[in-house]
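Before any comments, here is the structure.
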Amino acid sequence: MNIQTLLNQRIQAAMVASGAADDAPALVRQSAKVQFGDYQANGIMGAAKKIGTNPREFAAKVLEQLDLSDVADKVEIAGPGFINIFLKNEWLGSALADLRHSERLDVATVEAPQTVVVDYSAPNLAKEMHVGHLRSTVIGDAVVRTLEFMGHNVVRQNHVGDWGTQFGMLLAYMERLRAENSEISMALSDLESFYREAKKCFDDDEAFAARARELVVELQSGDEQCMALWQEFINISLEHCEETYRMLGVSLERKDVMPESAYNSDLQNVINDLEAQGLIKEDQGAKCVFLEEFANKEGDITPIIVQKTGGGFLYATTDLAAVRYRQKVLNADRALYFVDARQSLHFQQIFTLSRKAGFAQPSISLEHMPFGTVMGSDGKPFKTRSGGVAKLSALLEEAQERAFQLVASKNPDMPEEEQRNIGRVVGIASVKYADLSKNRTSDYVFNWDNMLSFEGNTAPYLLYAYSRVASIVRRSEMDVSALNAPITVVEDQERALAVKLCQFEEAIQQVINDGMPHFMCAYLYELAGIFMSFYEACPILNAEDALKESRLQLALSTAATLKQGLELLGIETLERM
RNA sequence: GCGCCUGUAGCUCAGUUGGAUAGAGCAUCCCCCUUCUAAGGGGAUGGUCGGGGGUUCGAAUCCCUCCAGGCGUGCCA
């Protein structure tokens, strides 16, 4: 059920029938205030202006063409020409019955599924995942889950960094350890320190550095032994990533890995294609593309360098090859890039050039989904207490430990095993939710106390709300699947809850349109808050039979919606806390 | 220099693409546990939406300008 879509269609049709342009939008929104009803149409004023009539008179004409008697019991003109819609309680009751008896909460899959390529996470395999990878991974995964729920064909692309000069250094260090008969797998169990040690050798030891550079050349020329060593390293590094994904509850798998190196054999083709189209200019020894779109007022153009002096390729080249792959091989309708906001210019360049060179057809939508930086309380990029970059796995361990301490202090009598499990779920959920609930584009401050608080828009609050609903259902000791009594919407709190439950699909739509999961978070937080008010005001288990069954179904639907919503965010729920 | 982003309550954040009297949580202050989890709920206080101009029925949102901060800007990714 999507009330907004339904009202939009009906009101727009009435507007057109009243003389508005065919494409005049009805602009139906959830009402800002209760006195304005449940929904308001804001499009009347604009449409009236275009055809040169008085907005209120036009609104009156539209109402004559509009029959909402099945869904609304009051439709009124207000202010300069708003149309306010008050939904009918009986209709809400029947909509809820549909929702209750649907596996998917009455959310229909899309009529025209798209192939959506989602590029996210993309850690550099030379090092371990750190806090900087959290946002791309968590936000991308939430959007992926939401797209799949709506029936789109999603192709995950984990564009990991597995190529480049730093691998020479790492391979040289592997060689050295092997020569010393040291245990390589042990050394690689902590990639972070492995990288540090290798870097130290590279900086201090001239012979080592020379060998590292030599290995880069061997690697690039496809030397078999060198490749084998490299592959060994990549495998171990990927296992680290997968361990973190498991801990985080992220849906990425090995099959989703499409590394930078996969495009190596295509990079020269990219250059050739650009050259054949006359797009390349050699400048100071490098092959560049100068596009007018990136000129300043003086006419100076920021070039896109696609091949370095000496023949090396750059990440621009790889990204161009990736666009072409996503277009030609994956046949994408949309390609979403969950990548740091600092790469905005880079993606503008890549997208513009891809269109110009025909790598991307007009039909494909290329969308950079930028996100801000995770900050510490000092307002600077988040670091550990010792000042280093925070390893993601360590951060997640700490989250679970903190949550465990919290659970143990609130529930001292609970068996430790259960405390641990709750700590795990709450800890991970807190970190993910803190990230997901903020507007993607802005920086946010990482704060343990805020994210682990049970108050406000936090994971613990939502999980608690869910477990509380689940507890009511358990205590009812009824066969809830057999519940079939009509759902009656009478009290204000019942009504508010009913309307909110019917708006789940609208929240999903927002997440998909803009790649912004915080809309889902806001929705779930509001839903939980409204349920809590309902819970205070409307006794469920102590109500008499018909009322009890009606309210129990409201509770059931709330539980199902919270669970499904959190699942779309990639967050586990708990039946008991 | 140029470009992009950000600036909303003391703090942390929303604000559905130009809609009605700008909203939450924390903090502060007051209420509510003999009834389904008080890890909860209800209420109060708190705003020149960075400043100034403009566009129009209507601006936190769009345009111009200034201020403050962040980031990017030819051979790292």
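In the text below, chain A, chain B and the rest are named by the order of the sequence lines, each starting its count at 1. Here the structure is a predicted model, which means the values were calculated and not measured.
Here the P atom of nucleotide B:C13 and the CZ atom of A:F519 are 17 Å apart, to the nearest Å. Rounded to whole angstrom, the span from the OH atom of A:Y444 across to the C1' atom of B:C11 amounts to 17 Å. With rounding to whole Å, A:E455 atom CD is found 14 Å from B:U28 atom C1'. The CD-P distance, from A:Q510 to B:A14, rounds to 14 Å in whole Å. Nucleotide B:G40 holds its C1' atom 12 Å from the OH atom of A:Y525, rounded to whole Å. Atom CG in A:D340 sits roughly 13 Å away from atom C1' in B:C4 (whole-Å rounding). Rounded to a whole Å, the CG atom of A:N296 is 12 Å from the P atom of B:C4. Between the CZ atom of A:F454 and the P atom of B:A38 there is a distance of 13 Å, given to the nearest Å.
The C1' atoms of B:G23 and B:A14 are separated by 7 Å, rounded to the nearest whole Å. Straight-line distance between the C1' atoms of B:G43 and B:G58: roughly 32 Å, to the nearest whole Å. Spacing between B:C26 and B:G51 at atom P, rounded to whole Å, works out to 27 Å. Taking atom P on both B:G52 and B:U8, the two are 15 Å apart, rounded to the nearest angstrom. One C1' atom belongs to B:U12, the other to B:G7, and the distance between them is 15 Å to the nearest Å. Remark: the separation of the C1' atoms in B:A20 and B:G15 is 15 Å, to the nearest Å. Using P as the reference atom, B:G10 and B:G54 are 28 Å apart when rounded to the nearest Å. The separation of B:G25 from B:U45, taken at their P atoms, amounts to 14 Å, rounded to a whole angstrom.
Proximity note for A:H518 (side chain, C-beta onward) versus B:A14, B:G19, B:G25: the nearest is B:A14. Listed candidates were B:U56, B:C13, B:A39. Nearest to the side chain of A:K49 is B:U56. Residue A:R576 places its side chain closer to B:U37 than to any other of B:C26, B:A20, B:U37.
Between A:E572 and A:K563, no side-chain nitrogen of the basic residue sits less than 4.0 Å from a carboxylate oxygen of the acidic one, so the salt-bridge criterion is not met. The residues A:R495 and A:D38 are annotated as salt-bridged, a charged nitrogen and a carboxylate oxygen being separated by less than 4.0 angstrom. Ion pairing between A:K548 and A:E544 fails under the 4.0 Å rule for side-chain N and carboxylate O. A salt bridge does not link A:D378 with A:K380: every distance from a Lys NZ or Arg NE/NH1/NH2 to an Asp or Glu carboxylate oxygen is 4.0 Å or more.
Glycosidic conformation of B:C62: anti, with the torsion beyond 90° of 0.
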What one-letter contact string describes nucleotides 68-77 of chain B from 5' to 3', where B marks a base within less than 4.0 Å of any protein heavy atom, S marks contact via sugar-phosphate atoms alone, and - marks no contact?
---SSSBBSB
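Looking at every heavy atom in both residues, A:M15 comes nearest to A:A47 through CE-CB, 3.6 Å. Listed here is the closest heavy atom pair of A:A286 and A:I305: CB-CG2, 4.0 Å.
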Quick one: which protein N/O atoms are closer than 3.5 Å to N/O atoms of nucleotides 42-47 of chain B? Pair and distance per line, please.
unit_1, atom_1, unit_2, atom_2, d
B:G42, OP1, A:S533, OG, 3.1

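Remark: aromatic rings of A:Y315 and A:Y263 are distant, center separation not under 6.0 Å. In this structure, the ring of A:F382 has its center no less than 6.0 angstrom from the ring center of A:H130. In this structure, the ring of A:F531 has its center less than 6.0 angstrom from the ring center of A:F534. Here the two rings, on A:F82 and A:F36, have centers that are 6.0 Å apart or farther.
Within 4.0 Å of A:D514, counting heavy atoms only, lies at least one base atom of the nucleic acid. A:Y535 comes within contact range of at least one nucleobase, with a heavy-atom separation under 4.0 Å. Within 4.0 Å (heavy atoms only), A:A78 reaches at least one base atom of the nucleic acid. The residue A:N457 sits apart from the nucleic acid: no heavy atom pair falls under 4.0 Å. Among the protein residues, A:F294 comes within range of no part of the nucleic acid, since none of its heavy atoms lies under 4.0 Å from any strand. Residue contacts for A:N84: at a heavy-atom cut-off of 4.0 Å it reaches a base atom on one of the strands shown.
Pairing for B:U73 is with B:G1, a Watson-Crick or G-U wobble pair whose two hydrogen-bonding atom distances lie under 3.5 Å. Across every strand in view, B:C62 sits in a pair with B:G54 that passes the Watson-Crick or G-U test at under 3.5 angstrom. When Watson-Crick and G-U wobble pairs are counted only if both distances are under 3.5 Å, B:A27 pairs with no nucleotide at all.
Annotation: proximity of residues 536-543 of chain A to RNA chain B (heavy atom, distance under 4.0 Å) is found for A:E536, A:C538, A:P539, A:I540, A:L541, A:N542, numbered in ascending order.
Judged by a 6.0 Å distance limit and a 45° cone about the ring axis, A:R440 is not positioned over the six-membered ring of A:F371.
A donor-acceptor distance shorter than 3.5 angstrom exists from the side chain of A:E506 to the backbone of A:Q4, with no hydrogens or angles considered.
Annotation: side chain of A:M45 is not in contact with side chain of A:F58 (no heavy-atom distance under 4.5 Å).
Contact annotation: A:R468 side-chain N/O to B:A38 OP1/OP2 distance is under 4.0 Å. Proximity of A:Y461 to the phosphate of B:G41: a side-chain N or O atom is located under 4.0 Å from OP1 or OP2. Taking 4.0 angstrom as the limit, A:R56 places none of its side-chain polar atoms (N or O) nearer than this to OP1 or OP2 of B:C57. Between A:S442 and B:G7 there is no side-chain N or O to OP1 or OP2 distance below 4.0 Å. Contact annotation: A:K33 side-chain N/O to B:A20 OP1/OP2 distance is not under 4.0 Å.
Heavy-atom nearest nucleotides on RNA chain B were determined for A:S344 and for A:Q35, and the one closer to the 5' end corresponds to A:S344.
For the side-chain contact (heavy atoms from CB on, under 4.5 Å) test with A:L556, the passing option among A:L483, A:V469, A:I472 is A:L483; the others fail.
The aromatic ring of A:Y464 does not sit over the base of B:G40, since the test of centres under 5.5 Å and planes under 30° is not met.
Of the N and O atoms on the side chains of A:D319 and A:H346, at least one donor lies less than 3.5 Å from an acceptor on the other residue.
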